[in-house]
Amino acid sequence: MTAVSIAHVSKVFNQGNPGEVVALTKVELTVERGQFVSLIGPSGCGKSTLLRLIADLIEPTTGTVTVAGKPARRARLDQEYGIAFQQAGLFEWRTVRRNVELPLELRGTSGSKRRARAEEMLALVGLADFAGHYPAQLSGGMQQRVAIARALAVHPPLLLMDEPFGALDEMTRERLQGELLQICASTGTSTVFVTHSIPEAVFLSDRVVVMSARPGRITASIDVALPSRDEAGRQSPEFFDAITRVRRALRGDTALSAVDG
Ligand code: ADP
Ligand code: MG
């Protein structure tokens, strides 16, 4: 079964008004179960809009969005996915544990079950010892890990992430990339990940989807096969080759990206 299926999707904001923006046009995208797909493109090309459509936070102007074989609305109600954004978005007055418990509370999960699940998720992101802390007591990287733990708390089959590591320093970012891959692999989670970092997209992804602006659309889809997703993988010829292919596609070098893609 496919994790995400997007067919003939367009999104026009303020349609028919002076402020009309064609944010997305003719988008076709399929994410297979267990796949890690990144969306990359210049600012304003519609990456966040596409992610928000998958999450059913906004509706498409035309076309259909299917998540886990269901309409996006149904998938949202069934909590088929977890979301993490660039800002961790934690509640300052809640402890780390109670932040992670929040989606389970909304789902009506019992207190003891919530607590056990939150502890399991915090252990997964290496924060078991910080369950009783408040967000302000944690570094930016730790806060982002809490946000990931919260996104994973309901064991969603799909994880949607919008530049989740954008605000972090390069070292923390690389470490979290590794941790994220381990979590996705061990839980079988499918992921759609927005970034504007080419090395980040290449390191994480089975497939990098390249977008361009005005109007926002998909211009290339580049498969990435690294020998391993670790330090050796980052230094492999395949890594640099994929980076070159994504760079060319971003530059709009269509002849080459068509051959590559
Ligand atoms: P990206 O995430 O790739 O930087 P966005 O998806 O945020 O791009 O935005 C794509 C385009 O849609 C931009 O031109 C942006 O200004 C416009 N846009 C996004 N959200 C809205 C909105 N709610 N109302 C009007 N225009 C919007
Ligand atoms: Mg964005």
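Since this is a predicted model, take the numbers as computed values, not measurements. Residue numbers count from 1 along this sequence. Counting starts at 1 for both ligands and their atoms, in listed order. Keep in mind that the numbers below use all heavy atoms, side chains included, and drop hydrogens, waters and symmetry copies.
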Taking atom 15 (C) of ligand 1 as the reference point, the nearest protein heavy atom with its distance | Val21 CG1, 4.8 Å
Does some non-hydrogen atom of the protein lie less than 4.0 angstrom from atom 21 (C) of ligand 1?
-> yes
Output yes when Asp162 and Lys47 qualify as a salt bridge under the 4.0 Å nitrogen-oxygen rule, no when they do not.
-> no
Identify the protein heavy atom lying closest to atom 23 (N) of ligand 1, giving its residue, its atom name and the separation to 0.1 Å.
-> Phe13 CE2, 3.6 Å
Residue pair Arg234, Asp230: steps toward the salt bridge (Lys or Arg N to Asp or Glu O under 4.0 Å) verdict = CA-CA 6 Å; Arg234 284 188 199 275; Asp230 55 12; over 6 Å; no
Identify, for atom 7 (O) of ligand 1, the protein heavy atom at the shortest distance, and state residue, atom and that distance.
-> Ser48 CB, 3.8 Å
Of all protein heavy atoms, the one nearest atom 9 (O) of ligand 1 is Thr49 OG1, 3.8 Å
Knowing that exactly one of Val194, Ile222, Val202, Val210 qualifies, which makes a side-chain contact (heavy atoms from CB on, under 4.5 Å) with Ile40?
-> Val210
Distance filter < 2.8 Å from the Mg ion (ligand 2), protein N/O/S hits 1
Using a strict 4.0 Å threshold on nitrogen-to-oxygen distance, state whether Arg73 and Glu59 make a salt bridge.
-> yes
Do ligand 1 and Asn14 have nitrogen or oxygen atoms that lie under 3.5 Å from each other?
-> no
For atom 12 (O) of ligand 1, closest protein heavy-atom neighbour = Ala23 CB, 3.5 Å
Would you call Arg98 and Glu105 a salt bridge, taking side-chain N to carboxylate O under 4.0 Å as the test?
-> yes
Which atoms of ligand 1 sit under 4.0 Å from any heavy atom of Gly46?
-> 1 (P), 3 (O), 5 (P), 6 (O), 8 (O), 10 (C)
Does the side chain of Val246 come within less than 4.5 Å of Ile243's, by heavy atoms?
-> no
Is Tyr134 linked to Val125 within one hydrophobic cluster, defined over Ile, Leu, Val, Met, Phe, Trp and Tyr using a side-chain heavy-atom separation of less than 4.5 Å?
-> no
Charged N to carboxylate O under 4.0 angstrom, Arg173 versus Glu200?
-> yes
Where is the nearest protein heavy atom to atom 4 (O) of ligand 1: which residue, which atom, and how far?
-> Gly44 N, 2.7 Å
Ion pair Arg175/Glu179, N-O distance below 4.0 Å = yes
side-chain contact (heavy atoms from CB on, under 4.5 Å) with Val37: which of Leu204, Val31, Val208?
-> Val31
